[in-house]
Amino acid sequence: MMKRAIALLIPFFLVFHARTLVAQHHGQEQHGDPHAQEQPAAHPTDGHQTPVGGHENHSPEGGHAQTDGHAQPGGADGGHDAHGDKKEGYNPTATIMHHIADANEFHIVGDITIPLPCILYAQDQGLSFFLSSAFHHGANAVDGYALVHGDVQRVIGFPFKSGSHHLDPVPDAHGHGHGPNFVLEEADGTRYVFHEGKKYALEGSSSLLGFTSWFDFSITKNVATMMFATVLLLWLFIGIAGTYKKRAGQAPKGLQNLIELMVVFVRDEVVKPNIPQQWERFLPYILTIFFFILINNLIGLVPFFPGGANVTGNIATTFALAIIAFLVTNLNGNSAYWGHIFWVPGVPVPMKLFLMPIELIGIFTKPVSLFIRLFANITAGHIIILSLISLIFVFGNAGESVPGSLAGMALAIPFTLFMNVIELIVAFMQAFIFSLLTASYIGAAVAVHHHEEHH
C-alpha cells in the first residue's frame with residue numbers, strides 16, 4: 001500500500017513542478033503595465049516592434065532593462081520574429097534562481113499570488129507598512145520603495161515619500177517606453193527606475209555585510225513558511241501530548257507512534273552518546289532543531305502552496321541556526337573546555353602557544369560547517385530537480401518543438417523521480433546530521449574528564 005501511494009505521489013509532484021515552471025515562464029511574459037492602455041505592436045515611424053515581456057531592452061544609457069520584479073526567462077537564442085528582431089528563448093537559470101529565491105509574495109499559478117506584509121523602516125521617513133500587492137508586480141513605487149525581482153529596494157531621491165506612484169517603463173533604444181520593463185540595470189550592477197522622465201537609482205536594504213539608509217523587516221515567503229512550520233509543530237506536539245494523557249499506559253499508535261519513534265531515536269542515538277553527563281538538559285533543544293529543520297525540508301519539497309519555500313536552502317536561515325548552536329555550545333562550556341582551547345594540557349609550552357590560535361579558530365569554523373553544509377545540500381537538491389525539469393523546455397524550445405519536448409521528458413522524468421526520492425532521504429539526513437554535530441559540539445563543551453572527577 002505504501003509503495004503504491006509513493007508511486008502515485010511522485011509523478012504528481014513532478015507534474016506540479018513542471019506546471020510551476022510553465023506558469024512562471026508565461027506569467028513573466030504576460031506581466032505588464034497595469035495602468036497603461038494597449039499600445040500598437042509597432043511604430044509606423046521606425047517599424048521597430050515594442051519589446052514584450054521576457055525580452056531584453058537596450059536602453060539609451062547602455063544598460064539592460066529588467067522586468068517587473070520577477071526573474072525573466074530570456075537569454076537563449078530563439079531566432080527572429082516577423083519584424084527581424086531577435087527573439088529570446090527559454091533561460092532555465094533565471095527561472096530556477098527565481099524559484100529558489102525568497103520573495104515578498106507566494107506565487108500560486110500564472111498571475112495569481114498571495115501578497116505578504118512589507119515592513120520597512122528608514123530613519124528619514126519612519127516606518128512603512130503595506131502589502132506587497134501595492135507594487136502591482138513592480139509597476140508602482142510605494143512610499144519611495146520599488147520591487148525588483150521579488151526584492152524590495154529603496155528609490156534614492158524619490159520626491160514622494162508616501163503613497164503609491166506609477167513608474168515609467170524603461171525606454172528602449174528608440175526612446176519608447178511601452179513595454180513591461182520598469183527596472184534598468186547598468187553594466188556595473190546599479191539599478192534604476194524612471195518616473196515622469198527622471199531617472200532614480202535603487203538601494204538595497206541593510207544586511208550583515210553592510211548598512212544602508214533603511215531596514216527591511218518584511219514577512220517574506222521564507223519567514224511566513226517558518227511561522228507556518230512553527231504552528232504546525234506546536235499543533236502536532238500539543239495534540240500528541242494530549243493523546244498520551246488520554247491513553248496513559250497504552251502502547252502508542254498512528255502518528256503518536258511515528259513521532260515517538262523519532263524522539264526515541266534522537267534521544268538514544270544522537271543526544272545520549274554525545275552528551276552523556278547532561279543529556280536531559282539539552283534534549284529539548286536538540287529535538288527542537290531536528291524537527292524544525294525536518295519539517296521545513298519536507299515543506300520545501302511540496303511544489304505548491306503552502307509549500308515551495310526554500311527555507312533551509314536560504315543561507316540566512318542556516319546561519320541563524322548555526323549562531324544559536326554556537327551560543328549554546330560556548331555559553332555552556334566548562335573550565336576544561338576553555339582550558340583545552342587556550343592552554344592545551346599535556347603538551348610542551350611552545351606547542352601550547354602554537355595550538356592555541358588553531359583551537360580558537362575551531363570555535364568559529366564549527367558553526368560555519370553547520371550552516372554551509374545544510375544550505376549547500378538543500379539548495380543543490382532543488383537546483384538539480386528544477387534543472388532536470390527545465391530540460392523539457394530547453395529541448396522543446398519552450399513548447400515550439402514537440403519532438404524536442406518529448407525527448408526532454410524521456411530524459412527528465414526518470415531522473416527527476418530518482419532525485420525526488422533522494423531529496424526525501426536528504427531531508428531526514430540533513431536534520432539528523434545538523435542535530436548530531438550540534439550535540440557533539442555541546443558534548444565536548446560540557447564534558448567532565450576523568451582526572452577532574454577523581455580530583
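Because the structure is a prediction, the values reported are computed rather than measured.
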Is there a side-chain contact between [X] and [Y] in this structure, where contact means two heavy atoms from C-beta onward sitting under 4.5 Å apart?
X      : Y      : answer
Val328 : Phe282 : yes
Asn274 : Ile442 : no
Phe371 : Leu321 : no
Trp214 : Gln125 : no
Leu391 : Leu388 : yes
Thr230 : Phe292 : yes
Pro169 : Phe182 : yes
Pro306 : Thr225 : no

Can you say whether the rings of Phe215 and Phe217 are parallel (under 30°), tilted (30 to 60°) or perpendicular (over 60°)? parallel
Could you tell me how the ring of Phe158 sits relative to the ring of Tyr200: parallel (under 30°), tilted (30 to 60°) or perpendicular (over 60°)? perpendicular
[X] [atom1] to [Y] [atom2] distance, which is reported to the nearest 0.5 Å:
X      : Y      : atom1 : atom2 : answer
Ile240 : Trp235 : CD1   : CH2   : 8.5 Å
Phe434 : Ile293 : CZ    : CD1   : 4.5 Å
Ile219 : Leu131 : CD1   : CG    : 11.5 Å
Thr365 : Leu370 : OG1   : CG    : 10.0 Å
Ile259 : Leu233 : CD1   : CG    : 8.5 Å
Thr379 : Asn310 : OG1   : CG    : 5.0 Å

Does [X] have more than 12 heavy atoms from other residues, nucleotides or ligands lying within 6.0 Å of its [atom1]?
X      : atom1 : value
Phe130 : CZ    : yes
Lys253 : NZ    : no
Met409 : CE    : no

By ring-ring contact (aromatic ring centres under 6.0 Å, His included), which residues pair with Tyr285, not counting sequence neighbours? none
Ser128 vs Asp143, test: side chain to side chain donor-acceptor pair (under 3.5 Å). Steps then yes/no. CA-CA 7 Å; Ser128 296; Asp143 291 354; 3.3 Å; yes
So which heavy atom on [X] is nearest to which on [Y], and how close?
X      : Y      : result
Asp216 : Ser205 : CB-CB, 3.7 Å
Val155 : Ala146 : CG2-CB, 4.0 Å
Ser435 : Ile289 : OG-CG1, 4.0 Å
Ser218 : Pro117 : CB-O, 3.6 Å
Val183 : Leu147 : CG2-O, 4.4 Å
Arg191 : Gln153 : NH1-NE2, 3.3 Å

Measure from the side-chain N and O atoms of [X] to the backbone N and O of [Y], and report whether any donor-acceptor pair falls under 3.5 Å.
X      : Y      : answer
Thr329 : Phe326 : no
Asn140 : Val142 : no
Arg267 : Val271 : no
Thr212 : Gly204 : yes
Thr243 : Gly239 : yes
Thr113 : Phe106 : no

Side chains of [X] and [Y]: donor-acceptor distance under 3.5 Å anywhere?
X      : Y      : result
Thr220 : Asn222 : no
Asn104 : Ser132 : no
Ser213 : Glu203 : yes
Thr312 : Asn297 : yes

Could you go through the side-chain contact (heavy atoms from CB on, under 4.5 Å) check for Phe319 and Asn314 one step at a time? CA-CA 9 Å; Phe319 180 76; Asn314 185 299; over 6 Å; no
Do the side chains of Arg154 and Asp124 get close enough for a salt bridge, i.e. N-O under 4.0 angstrom? yes
Please assess Phe265 against Phe432 for the test ring pair (Phe, Tyr, Trp, His ring centres under 6.0 Å), listing each intermediate value before the final yes or no. CA-CA 10 Å; Phe265 172 79; Phe432 166 71; 5.7 Å; yes
Mind running side-chain contact (heavy atoms from CB on, under 4.5 Å) on Val311 and Ile299 for me, showing each step along the way? CA-CA 9 Å; Val311 176; Ile299 290 175; over 6 Å; no
Could you give me the CA-CA distance, side-chain angles and deciding distance for Leu437 and Arg373, then say whether side-chain contact (heavy atoms from CB on, under 4.5 Å) is met? CA-CA 11 Å; Leu437 291 177; Arg373 180 185 291 103; 3.0 Å; yes
Could you walk me through whether Val193 and Val148 satisfy the side-chain contact (heavy atoms from CB on, under 4.5 Å) test, starting with their C-alpha distance in whole Å, then the side-chain angles of each, then the deciding distance to 0.1 Å, before giving a yes or no? CA-CA 10 Å; Val193 292; Val148 182; 5.6 Å; no
